[in-house]
Protein chains: 2
Amino acid sequence: MTYYQKLEQHYKKYARLGHLSAICGWDQASMMPAGGNEARSEAMAELAVLSHQLLTEPQLADWFDLAERESLAGEEQVSLKEMKRSWQMANLLPESLVQEQSLTGSKCEHAWRTQRAENNWHDFSKNLEPVVELARKEAQIRSEETGLSRYDALLDLYEPGMTTKELDQLFADLKSWLPSLIQQVQEKQGTETVITPQGPFPIEAQREISLEVMNKLGFDFNHGRLDISVHPFCGGVPTDVRITTRYDEDDFTSALMGVIHETGHARYEQGLPAQWHNLPAGEARSMGLHESQSLFFEMQLARNETFIGLLAPLAQGAFMRPDDQALTSDNLALVSTRVKPDFIRVDADEVTYPAHIILRYEIERDLIEGNIEVADIPELWDRKMNEYLGLSTKGNYTDGCMQDIHWTDGSFGYFPSYTLGAMYAAQFMAAMRKEMNIENLIRERNLTPIFNWLDKHIWKKASTLSTDQILINATGERLNAEYFKKHLIDRYLK
Amino acid sequence: MTYYQKLEQHYKKYARLGHLSAICGWDQASMMPAGGNEARSEAMAELAVLSHQLLTEPQLADWFDLAERESLAGEEQVSLKEMKRSWQMANLLPESLVQEQSLTGSKCEHAWRTQRAENNWHDFSKNLEPVVELARKEAQIRSEETGLSRYDALLDLYEPGMTTKELDQLFADLKSWLPSLIQQVQEKQGTETVITPQGPFPIEAQREISLEVMNKLGFDFNHGRLDISVHPFCGGVPTDVRITTRYDEDDFTSALMGVIHETGHARYEQGLPAQWHNLPAGEARSMGLHESQSLFFEMQLARNETFIGLLAPLAQGAFMRPDDQALTSDNLALVSTRVKPDFIRVDADEVTYPAHIILRYEIERDLIEGNIEVADIPELWDRKMNEYLGLSTKGNYTDGCMQDIHWTDGSFGYFPSYTLGAMYAAQFMAAMRKEMNIENLIRERNLTPIFNWLDKHIWKKASTLSTDQILINATGERLNAEYFKKHLIDRYLK
């Protein structure tokens, strides 16, 4: 057996433990009774320790050296590079720091769940401070190793290759036109009459539509399922993708759009090349690219007026309301594209969403780089909310700087992925439009060419190319925010 | 840290991996889409290897030696003894034999799934022969180490302390009166008028009754759930017990009694002492004792006429059939105690079931001891079926010697547990009756004293006592088949 083959075996072993962790994690969120949580958390932690040991096994250093001297096919070289990257990333941090981060993050996150409801910034900030301190330590170590700036070293974990320099430019551009765009859209929409669909919409019927739409969108039910959880997610493994949603009897569009969103994530996973399963080169390329697929499905495809034309009769049928004026295609298209600045990121529409992200990016970047402190967050949050969305969060921490889970367990560097995903998705759609008439395909109920394009250019590439290279191969250029801007103008101002 | 404490830590680690395996196994049987099976099986196998490595770690030998010289509390001594037993049991077999067994068993079981349907004994027996050969090898190794006979050494894995000598006596006694009892019961039942309930019985309503009955039987839904699988089972972990059933629209009693059966298994698991969770001393004592709890719930309790008096109104309500004469207490009591010799063990009634077990026991005992060969099985099966139940299986392998999964993957020594369980259950009930009036308690809907008795005498003892000692403490004597005989006569001939 060659050293490259030994490495493959080793990484597959690691991935198989990851499989069990993914399924037990899905179970914990969607199936497990509350009383099972303590023992489950202990079992998952035990597995995490074993996995980390596998990932950081000292003998791998020699294996990498020896494998690099072996004569490898092009594909194997790519795979070796990705294995080595994941090994280097895992080995950078001393185990004591990883453990301290895990404990401090758990404590902060756990307390946050009650502190947020109590609007208790004072106590929360005391827990957040050590979380930020440890994240800074991690950033420092990664920065020294990679030569990246501290924040960039964290960003690189989620969006390899992306930098503060590029984000600053992209977001500066967005900030230059987004606030006025939001204002224009609101003015335009102020003249429109929208009928809000009135519940109750039985959950069984909502589930039925969800499954039907997943089918239309090519979700492979032989390799996945749909269930319920408090926080919707896409989990499992490529051969068995588990997506979840939550149903609201008063509003069927939120679960439906949520399911479509997760279906985008799911198809990326299901579409990853089988020959690379269980190896780093076979994983989804980046968080931003993952989000681009969910947003392509939800924003580029499903909220497209023509696609709403397919959803409306489904809803009318499932809810047995053939004559409900709220469920006509035209009205549902209006409902699905409402724009309104508001406090909560996860509830934000497509147009105001980037404002939430830019605000968080600017704060976490400066936090990690050491330019601001935890105590500065509320005032900055309030100032930026005023500036970007015209809303005040003064004294309102619950709906302000305490609304997200990300920072509580130290996930700094993740937020930009959301807006990068939106921009990638718009750029993919623009490129696709050069090759096919999207609206005609939707009308003909022939979505296959669309999915084939994504499969060829993104899903089947997995991590064998850089995000940049995937963008260039698929669209002819690097990330260009103009496509996103054009998409918003076309959809919301025309 | 003492060596005893090191051992505890080690076994808890092992148990936590077992937790993940139990949940992923449950998922595989009840939730997983078919396309996920290959990757799941690989992941489970990887975990099994890791678990086996933990269980057989060479340094444990020294730890046991050193721990035995430490000053330990009585409870710790019991725990140490059980940890050592599990270590010895795991270490007896060479890894090559374990792997060969796993492969040969998988192959035989997999092919059996189609061969059984095709009544293809010829090809099946070719796969079964090496499975038996390997089981004999295992039995030989275990026999040399333990001083038990070869079959006893396998039996001891499922029912520690039980021997062929005792089983031969117990079963000889049973055989002396069971065939004539079956005949008498059939004659008596021939004069009774029974109305077979006519479906459809909607599955949603069946599930509702199941959940209600589980509640009545004290199933803790904060630490468990009910789902669907092709082959019902009780899985999960003590803090999160997963039971399953399968619903038949034409026959609600089979799922209902199945759920009650699994609830008995579940309460044993949920009732295991929390301070021993994740340690060998905290596990259920034996397969026979486990089966005694499921059969106590199903046979001793639920098929009791008085208990049927509680189930009947539930069924009438859930199926909205207040006037269905098939759903009266009296008729359902008759339905629930029908006796009819038939081919299939898993469908057998309480009275004919032991005949199926004795037949299998006699064949597998002689197979493992080398007194008969695989080729002899069909003829023996046919002869014994004729002798015990008056049925011929000549040429009918599907409903004869190919009906069970147990032998296909080499689980020899398991079958006696079923009838031992039935006998233990009857003996427990007889002892309980000396302390309380069971029928009055059922009528008063006050089952707590019954469960408290089981909890005190069986569940909370876990593996800290031998099965013998549990029997003696709970009932004042060792296993005595007279109680089972008396139970059958009381229920079926009076």
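Letters go in sequence order (proteins before strands), and every chain restarts at 1. Note that the structure is a prediction, hence the values are computed from the model and not measured.
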- [ ] Determine the option with the most heavy-atom pairs under 4.5 angstrom with chain A, choosing from Asp227(B), Asp27(B), Val237(B).
- [x] Asp27(B)
Task: Exam field: side chain Ser463(B) to backbone Glu283(B), donor-acceptor pair closer than 3.5 Å - done: yes
Open item on the list: Just so I know, are the side chains of Leu47(B) and Met44(B) near enough to count as touching, which here means a heavy-atom distance under 4.5 Å?
Closed with: no
Open item on the list: Using 30° and 60° as the class boundaries, would you call the ring planes of Trp87(B) and Phe64(B) parallel, tilted or perpendicular?
Closed with: tilted
- [ ] Determine which residues belonging to residues 8-19 of chain B lie within contact range of chain A, meaning some heavy atom pair is under 4.5 Å apart, and list them by number or answer 'none'.
- [x] Lys13(B), Arg16(B), Leu17(B), His19(B)
TODO: Tell me, for Arg242(A) versus chain B, whether the close heavy atoms (under 4.5 Å) come from the side chain, the backbone, both or neither.
DONE: side chain
Open item on the list: Would you say that Phe201(A) contacts Tyr247(A) through its side chain, given a criterion of any heavy-atom pair below 4.5 Å between the two side chains?
Closed with: no
- [ ] Enter the distance from Ile23(B):CD1 to Cys24(A):SG here, rounded to the nearest 0.5 Å.
- [x] 6.5 Å
Open item on the list: When you compare the side chain of His231(B) with that of Thr244(B), does any pair of heavy atoms fall below 4.5 Å?
Closed with: no
Open item on the list: Using a 3.5 Å distance criterion without hydrogens, assess whether the side chain of Ser106(B) forms a donor-acceptor pair with backbone atoms of Ser102(B).
Closed with: yes
- [ ] Quick one: closest heavy-atom pair of Arg207(A) and Leu226(A), and the distance?
- [x] NH1-O, 3.2 Å
Task: Per-residue contact mode, Glu46(A) against chain B (heavy atom under 4.5 angstrom) - done: side chain
Open item on the list: Within the structure provided, determine whether Ser79(B) and Met83(B) are in side-chain contact (heavy-atom separation under 4.5 Å).
Closed with: yes
- [ ] Using a cut-off of under 4.5 Å on heavy-atom pairs, state which of Leu50(B), Val241(B), Asp240(B) scores highest against chain A.
- [x] Asp240(B)
TODO: Mind checking salt bridge (Lys or Arg N to Asp or Glu O under 4.0 Å) for Glu76(A) and listing every partner two or more places apart, or none if nothing turns up?
DONE: none
- [ ] Determine whether Leu60(A) and Trp63(A) make a side-chain contact, defined as any pair of heavy atoms from C-beta on separated by less than 4.5 Å.
- [x] yes
Open item on the list: I want to check something: taking the side chain as every heavy atom from C-beta on, are Phe451(A) and Leu447(A) in contact at a cut-off of under 4.5 Å?
Closed with: yes
Task: Closest heavy-atom pair and its distance - Ala281(B), Ala462(B) - done: O-CB, 3.3 Å
Open item on the list: Please determine whether side-chain contact (heavy atoms from CB on, under 4.5 Å) holds for the pair Val259(B) and Val213(B), giving the CA-CA distance in whole Å, both sets of side-chain angles, and the decisive distance to 0.1 Å.
Closed with: CA-CA 9 Å; Val259(B) 165; Val213(B) 172; 5.9 Å; no
TODO: Could you please state which residues from residues 217-225 of chain B sit under 4.5 angstrom from chain A, measuring non-hydrogen atom to non-hydrogen atom, sorted by number, or 'none'?
DONE: Phe221(B), Asn222(B), His223(B), Gly224(B), Arg225(B)
Task: Those residues of residues 260-269 of chain A, ordered by number, that approach chain B below 4.5 Å (heavy atom to heavy atom) - done: none
Task: Backbone of His52(A) reached by a side-chain donor or acceptor of Thr56(A) within 3.5 Å - done: yes
